[in-house]
Number of protein chains: 2
Amino acid sequence: MLDERRDSCECSVIHEDIVNMARKNMPKEEHLYDLAELFKVFGDTTRIKILYALFTSEMCVCDIASLINMTQSAVSHQLRVLKQARLVKYRKEGKVVYYSLDDDHIKQIFDQGFMHITE
Amino acid sequence: MLDERRDSCECSVIHEDIVNMARKNMPKEEHLYDLAELFKVFGDTTRIKILYALFTSEMCVCDIASLINMTQSAVSHQLRVLKQARLVKYRKEGKVVYYSLDDDHIKQIFDQGFMHITE
DNA sequence: TGAACATATGAATATATATTCATATGTTAT
DNA sequence: ATAACATATGAATATATATTCATATGTTCA
């Protein structure tokens with residue numbers, strides 16, 4: 001009997017045809033990584049709250065901080081993460097910085113997520 | 001001039017009307033927490049790969065481990081996380097355990113995520 | 001010019017979690 | 001009964017990251 005053991009898997013392939021098909025359907029490693037990074041950004045209550053706030057309207061850092069009851073610093077740090085993920089954009093008006101959503105898919109992703117947790 | 005400073009926010013509310021409106025639209029704390037927990041589960045490459053594998057077909061632990069080139073133990077640990085999040089279910093057939101998807105929204109969430117990262 | 005203010009940011013700390021390793025559990029076949 | 005095997009799991013380690021604290025940057029207004 002063939003020994004299909006691999007380096008990092010101490011058990012053998014049982015259904016080779018299915019594994020091969022799944023391998024074909026698997027997106028590129030790079031895309032999978034980017035997708036995980038995106039969801040990682042959504043995987044934090046503070047950032048979720050910030051994004052929900054921005055569903056209502058563009059908002060400055062102070063207002064967001066007051067709304068979700070977090071320090072200005074914590075909010076600013078998280079806005080940076082959201083900015084890097086291209087989920088929010090900003091505009092400056094004097095010393096006030098207004099943040100707003102930079103993606104149309106967020107709401108739909110959240111809605112789908114809600115369908116899972118409330119079903 | 002009013003001092004609107006709060007415990008955990010060292011700056012004042014600038015646009016009270018918008019903050020109030022955003023507060024009304026904000027989902028329950030509990031839901032926001034659950035939503036973040038759900039996305040946290042998606043925020044890991046190994047789990048993303050497992051879920052993509054299961055888009056093709058139900059699959060046993062060994063096959064998944066071989067496919068994504070991870071140890072049986074690591075896969076089993078992550079399957080537990082996915083199970084706890086009610087994203088996968090399983091059936092036993094002798095000593096082999098077959099895992100499959102337990103949610104219809106996952107694919108749509110992933111597709112929306114792809115639209116963000118590839119746009 | 002300088003005080004007040006909105007925001008950003010680096011460093012440190014605390015906490016969560018992914019993987020590994022060793023081993024346990026439970027099933028099949030001889 | 002026992003060997004072989006598929007899977008599960010507890011503990012330990014390593015790593016990522018959220019928040020805090022102190023402070024820097026840049027703007028407005030008196």
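Below, chain A is the first sequence line, B the second, and so on; all start at residue 1. Please read all numbers here as calculations on a predicted model, not as lab measurements.
- For the pair A/Lys83 and A/Tyr90, the cation sits on the ring face: its NZ or CZ lies under 6.0 Å from the ring centre, inside 45° of the axis.
- Across the interface with DNA chain C, nearest-nucleotide mapping of A/Leu79 and B/Asp44 shows A/Leu79 to be the residue nearer the 5′ end.
- Checking D/dT19, C/dG10, D/dT7 against every side-chain atom of B/Val97, the shortest atom distance belongs to D/dT7.
- Closest to the side chain of A/Ser73, out of C/dG10, D/dT27, D/dT7, is C/dG10.
- With D/dT28, C/dG10, D/dT7 as the choices, the nucleotide that has an atom nearest any side-chain atom of B/Ser76 turns out to be D/dT7.
- Per the geometry, CD1 belonging to A/Ile64 stands 14 Å off P belonging to D/dT19, to the nearest Å.
- With hydrogens and angles left out, the side chain of A/His77 and the base of D/dT20 share a donor-acceptor pair within 3.5 Å.
- Counting to the nearest Å, the P atom of D/dA6 and the CZ atom of B/Arg80 are 22 Å from each other.
- Within 4.0 Å of B/Lys40, counting heavy atoms only, lie sugar-phosphate atoms of the nucleic acid but no base atom.
- Look at B/Arg47 and you'll find a side-chain N or O under 4.0 angstrom from OP1 or OP2 of C/dA18.
- In this structure D/dT23 sits in a base pair with C/dA8, meeting the Watson-Crick or G-U test at under 3.5 Å.
- Residues A/Val81 and B/Ala74 both approach DNA chain D. Their nearest nucleotides, taken by heavy-atom distance, put B/Ala74 toward the 5′ side.
- In the interface, the side chain of B/Gln72 is paired with the base of D/dA8 through a donor and an acceptor atom under 3.5 Å apart.
- Residue B/Tyr99 is in sugar-phosphate contact alone, with no base atom involved, counting any heavy-atom pair closer than 4.0 Å across all strands shown.
- Base-pair partner of D/dA18: C/dT13 (Watson-Crick or G-U wobble, both distances under 3.5 Å).
- At least one donor-acceptor pair under 3.5 Å links the side chain of A/Asn20 to the backbone N or O of A/Glu16.
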Check against side-chain contact (heavy atoms from CB on, under 4.5 Å), B/Tyr98 and B/Glu93: CA-CA 8 Å; B/Tyr98 293 93; B/Glu93 198 169 290; 3.8 Å; yes

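- Taking the side chain as every heavy atom from C-beta outward, B/Leu38 and B/Leu87 approach each other to under 4.5 Å.
- In this structure, A/Glu93 places its CD atom 13 Å from C1' of D/dT27, rounding to the nearest Å.
- Between the P atom of D/dA8 and the OH atom of B/Tyr98 lies a distance of 13 Å, rounded to the nearest Å.
- Spacing between atom CZ of B/Phe42 and atom P of C/dT17 amounts to 16 Å, rounded to whole angstrom units.
- One atom, CD of B/Gln84, and another, P of D/dA8, lie 12 Å apart when rounded to the nearest Å.
- Rounded to a whole Å, the OH atom of B/Tyr90 is 12 Å from the P atom of C/dT27.
- Taking atom CD1 of A/Ile48 as the reference point, atom P of D/dA18 lies 12 Å away to the nearest angstrom.
- At C/dT19, one or more side-chain N or O atoms of B/Thr46 fall inside 4.0 Å of OP1 or OP2 (strictly under the cut-off).
- For B/Val61, the listed nucleotide lying nearest its side chain is D/dT7; candidates were D/dT19, D/dT7, C/dT7.
- A cation-pi contact, defined as under 6.0 Å to the ring centre and within 45° of the axis, links A/Lys107 to A/Phe55.
- For the pair B/Lys40 and A/Phe39, the cation-pi test (distance below 6.0 Å, angle within 45°) is failed.
- Closest approach to the A/Lys95 side chain among D/dG26, D/dA6, C/dT19 is made by D/dG26 (side chain taken as heavy atoms from C-beta onward).
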